[in-house]
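The figures here come from the full heavy-atom set of this structure, side chains too, leaving out hydrogens, waters and symmetry mates.
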Amino acid sequence: MTFHRQVFHEGERRVQARAGVPGSYVDQVAPYVRGKMPDQHVAFFESLPVLFLGVPDKQGWPWAIVAFDAPGELCEVSPNEMVIRKTPPLAKILDLEIEPGAKLGLLGLDMSSRRRNRLNGTVLSHDEHGVRLSVDQSFGNCPQYIQQREVDWQSGTARAPTSHAVSITSSFSKRLLSQADTFFIATRAAELDVALHNGVDVSHRGGKPGFLHLNPDGSLSFPDFAGNRFFNTLGNIEQDSRISLLIPDFASGEALVLKGRARVDWNPQRAALIEGAERIVDVVPEQVWHVEDALPSHGRLIELSPSLAQTGEWPRSATLPQIFRRLRVTRKIKESASITSFHLTPIAPEAETVEAYRAGQSLTLRLSSTPSQPLTSGSIPVMRSYSLSQAWHGDLTGYRISVRRDPQGVASRLLHDELLVGDVIEASPPTGDFTLQAASAPIVLLSSGVGITPMIAMLEERIRQVTAGDTEPHEVFFVHVARDGEEQAFADELEAWAHKHSWLHLHIAHSRSPASATSSSRHHSRGRLALSSLMHWLPDMAHSHVYLCGSEGFMRAQYATLMALGLPREQLHHEFFGQGSLDSEAPFGDGASSLHTLPERAEVTFIPRAQRGRPLPREVATIAEWLPEKGTLLELAEQAGLAPLSSCRSGRCGSCALRLVSGEVQYPVAPHAAIAQGQVLMCRAYPATEQPVVIGLSG
């Protein structure tokens, strides 16, 4: 057993491995995590007027708080023990009982000199003399990202702090977040036991003002810049998502204190948004407080950290890759023998309605293999895109997706068999361009199987538009094929709408329904659908718009018929569940760019990690010859025996984004997901020339 296994717990080791930290490096630095304080740390802590602490509450939630007093009066220190004489004021507000046996994390930070040291310990006693704790781990930290400040830690000690609950979107919260260049985060290991490496941690984070970013859904995100590679904070989040943040205003003495849950996003596409970021950490707040007199009120900024020259700011582009938000399952409704609807409600406290979307768009879900447990940063999520089966309206408080259970499908089986009402999943905001077009013409909605899901939303949207007087009631022809009555979804809704609206016409075909079926009154034909036999019923194809969705075989057959019946190609709109295109003569389908000519061949190299500034280690690389018949770069990687992360495989979710180390790629079909600079979206990318392409696999 190597030395670092006694120093770092399992979560820290997992994150170190995923971040590509060599075991030799961990072995080299592990001895610097000591079991007692060296003399210079003893002298450092004794001289401090302030300590930042991570303290667990009665339920084990870690809290970031601060204690301050005159230099030499705050604490008494020896190599093996520390006594904190001054009770942290926030401990009273948060009802924190620091009892014997409790694990504490301490951060000593001298903002004027940018020195900092860390200490993890176990409380031995708490009495009128203060909190006495033993040293479990002691180690130093570099001065990176520490803003130089002059703070009079004695000026506010006579005033007791007061607090009140606020929203993360309150004016105070927004103001403080927009100017914050420093905050403190408390995390904890999964077990707070006698093992010295299992404890509570409090860490300092610094960046350019506003680096702690408020997202539209009420979550927070911050970049994880390069550090000492111990990954104490991220390793704790790997094991336990509970965190708290202390976000101070050093000038006024106010602070924002919040508890929430965190997750590390390893998607390189998001990390590439901010210069210097290696990962993004997302936080979903659960409770937020505005604390007055949390700190002494006389502090001034002298200089931002020189390290910030290597970092950037959050971009203001509207095309940013979407951030995943947490949704709670509020209902599961069985629509047919194989299709179940899932009603999903945002759980952010201030989210009373969902943002507007267009019928036909879809949600990309990010699922844990154990839905009742939150995703950890080290787990590889299951990601799939599902059409929304409900039209948006102003009073809507959640989303509805309707999913067919595929016996071989990992995600659909998780949803159907494991996901329970009350469980939480993650999803990106709706996206997609398979939506109703503004046209004064009859509409044909043509679907099979689970392809009914976007169609039912489109139909509901058109009903709402007509009812509100926003559009003329042009005729709508709803044609759907199900295997039989048991597989028919939304039958009651369709019949009720058709009965109410004279401009709506239904034709339901059951491809396998026997003549004696009791549900015969709920379908209009049996067997394979033949559109040509419905020409007396359907509108003139030359002056109609057709929306097509279903299985690949169904769509190709109907496409050929529609073209033969004279439907102009520009009036056909489709959502293709498989890969490829309906246009056999145009292999790249709609939206082909000017880069439609593929090279005859290209060499593609996949490397485990991008080797910046160093020759590529060919002995650890996978080199594959790309030919047009081998498909996209994602397909090429899979044919070469690699397994890069992917989900929708249609350019929507962005989960297959990897680092483009060198070479050029093209996208004959423009993807929906935004592509960050220096990234390649594998499921839609092809080599642009015969020059070699090098792709860095996420590590």
Side-chain angles (χ1 to χ4, degrees), residues 7 9 12 32-57 61-69 71-91 94 96-111 113-126 129-143 146 153 182-189 192 196-205 228 230 232-233 235-236 243-246 248 257 294-295:
V7 169
H9 62 62
E12 292 165 328
Y32 293 98
V33 182
R34 306 172 180 90
K36 65 178 183 179
M37 283 188 280
D39 292 343
Q40 60 174 324
H41 285 199
V42 171
F44 174 75
F45 277 106
E46 282 189 329
S47 68
L48 289 176
V50 60
L51 284 175
F52 296 91
L53 297 89
V55 180
D57 63 14
W61 205 292
W63 290 93
I65 60 177
V66 58
F68 41 85
D69 205 342
E73 299 295 327
L74 178 59
C75 57
E76 178 183 343
V77 190
S78 69
N80 296 302
E81 292 186 4
M82 174 184 289
V83 177
I84 305 171
R85 299 194 184 102
K86 189 78 169 185
T87 300
L90 285 175
L94 298 172
L96 302 179
E97 296 181 5
I98 306 176
E99 299 178 340
K103 294 276 190 156
L104 301 187
L106 281 81
L107 171 66
L109 179 62
D110 183 349
M111 296 184 183
S113 66
R114 294 195 173 105
R115 285 189 63 197
R116 62 178 164 183
N117 290 302
R118 302 267 279 277
L119 185 151
N120 294 332
T122 302
V123 176
L124 299 174
S125 64
H126 185 189
H129 301 294
V131 179
R132 177 169 162 260
L133 67 153
S134 62
V135 175
D136 293 337
Q137 292 186 332
S138 170
F139 55 98
N141 270 177
C142 66
I146 299 175
W153 294 100
T182 298
F183 70 88
F184 301 87
I185 178 171
T187 58
R188 55 161 290 171
L192 301 182
L196 299 182
H197 54 252
N198 286 337
V200 176
D201 182 78
V202 65
S203 174
H204 160 277
R205 295 290 170 132
N228 61 12
F230 286 9
N232 306 111
T233 298
N236 283 341
I243 62 98
S244 74
L245 302 182
L246 171 66
V257 176
L295 303 172

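- Taking NE2 of H126 as the start and NE2 of H129 as the end, the distance is 11.5 Å to the nearest 0.5 Å.
- Under the rule for a side-chain hydrogen bond (donor to acceptor under 3.5 Å, both in side chains), the partners of R116 that lie at least two apart in sequence or sit in another chain are H204.
- Closest non-hydrogen pair, V202 versus G105, comes out as CG1-O, 3.6 Å.
- Applying the side chain to side chain contact (heavy atoms under 4.5 Å, CB included) test to P56 and every residue at least two apart in sequence or in another chain returns L104, L192, V200.
- Using modelled atom types, one finds no donor on one side chain facing an acceptor on the other under 3.5 Å when comparing N236 with R188.
- Residues forming a salt bridge (charged side-chain N to carboxylate O under 4.0 Å, His left out) with R205 (at least two apart in sequence, or on another chain): D224.
- For F139 and Y32, the gap between ring centers reaches or exceeds 6.0 Å.
- Between the side chain of W63 and the backbone N or O of L94, no donor-acceptor pair lies under 3.5 Å.
- For residues 32-57, the set of pairs meeting the salt bridge (charged side-chain N to carboxylate O under 4.0 Å, His left out) definition, not counting sequence neighbours, is empty.
- With sequence neighbours excluded, no residue satisfies salt bridge (charged side-chain N to carboxylate O under 4.0 Å, His left out) with D110.
- When the side chain to side chain contact (heavy atoms under 4.5 Å, CB included) test is applied to S125, the partners found at least two apart in sequence or on another chain are D127, R132.
- E99 meets the salt bridge (charged side-chain N to carboxylate O under 4.0 Å, His left out) test with no other residue; sequence neighbours excluded.
- Minimum heavy-atom separation, P143 to R114: CB-O, 3.2 Å.
- Between F44 and V77 there is no side-chain heavy-atom pair separated by less than 4.5 Å.
- In this structure, the side-chain hydrogen bond (donor to acceptor under 3.5 Å, both in side chains) partners of S138, at least two apart in sequence or on a different chain, are H41.
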Checking L106 against L51 for the side-chain contact (heavy atoms from CB on, under 4.5 Å) test, could you report, in this order, the C-alpha distance in whole Å, the side-chain angles of both residues, the deciding distance, and whether it holds? CA-CA 7 Å; L106 281 81; L51 284 175; 4.0 Å; yes
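- Atom CG in L109 sits 8.5 Å away from atom OG1 in T182 (nearest 0.5 Å).
- Between F184 and L107 there is a side-chain heavy-atom pair separated by less than 4.5 Å.
- Shown here for L246 and A64, the closest heavy-atom pair between the two residues is CB-O, 3.7 Å.
- Closest heavy-atom contact between R118 and N141: NH1-OD1, 2.6 Å.
- Residue L295 comes nearest to V66 through the heavy atom pair CD2-CG1, 3.5 Å, listed as atom of the first residue, atom of the second, then distance.
- Shortest non-hydrogen contact noted between E12 and N232 is OE2-ND2, 3.0 Å.
- The shortest side-chain heavy-atom distance between F230 and V7 does not fall under the 4.5 Å cut-off.
- The side-chain hydrogen bond (donor to acceptor under 3.5 Å, both in side chains) test applied to S244 returns no partner, not counting sequence neighbours.
- V135 places none of its side-chain heavy atoms less than 4.5 Å from the side chain of N120.
- No side-chain heavy atom of F68 sits under 4.5 Å from any side-chain heavy atom of K86.
- Partners of S203 under the side-chain hydrogen bond (donor to acceptor under 3.5 Å, both in side chains) rule, at least two apart in sequence or in another chain, do not exist in this structure.
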V55/I98 under side-chain contact (heavy atoms from CB on, under 4.5 Å): CA gap, chis, key distance, verdict: CA-CA 8 Å; V55 180; I98 306 176; 3.9 Å; yes
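- Distance alone, capped at 3.5 Å, places no donor-acceptor pair between the E81 side chain and the S78 backbone.
- We find the CD-OG1 distance between Q137 and T122 to be 10.0 Å, quoted to the nearest 0.5 Å.
- Two residues are said to be in side-chain contact when any heavy atoms from C-beta on lie closer than 4.5 Å; L119 and L133 meet this criterion.
- In terms of modelled atom types and a separation under 3.5 Å, the side chain of K103 and the main chain of N198 share a donor-acceptor contact.
- Residues satisfying the side chain to side chain contact (heavy atoms under 4.5 Å, CB included) test with A67, not counting sequence neighbours, are L53, L74, P88.
- Using a 4.5 Å cut-off on side-chain heavy atoms (C-beta onward), I243 and P62 make no contact.
- When the salt bridge (charged side-chain N to carboxylate O under 4.0 Å, His left out) test is applied to E73, no partner is found at least two apart in sequence or on another chain.
- Counting heavy atoms from C-beta on, the side chains of P71 and P49 come closer than 4.5 Å.
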Passes side-chain hydrogen bond (donor to acceptor under 3.5 Å, both in side chains), H197 versus D136? Steps please. CA-CA 8 Å; H197 54 252; D136 293 337; over 6 Å; no
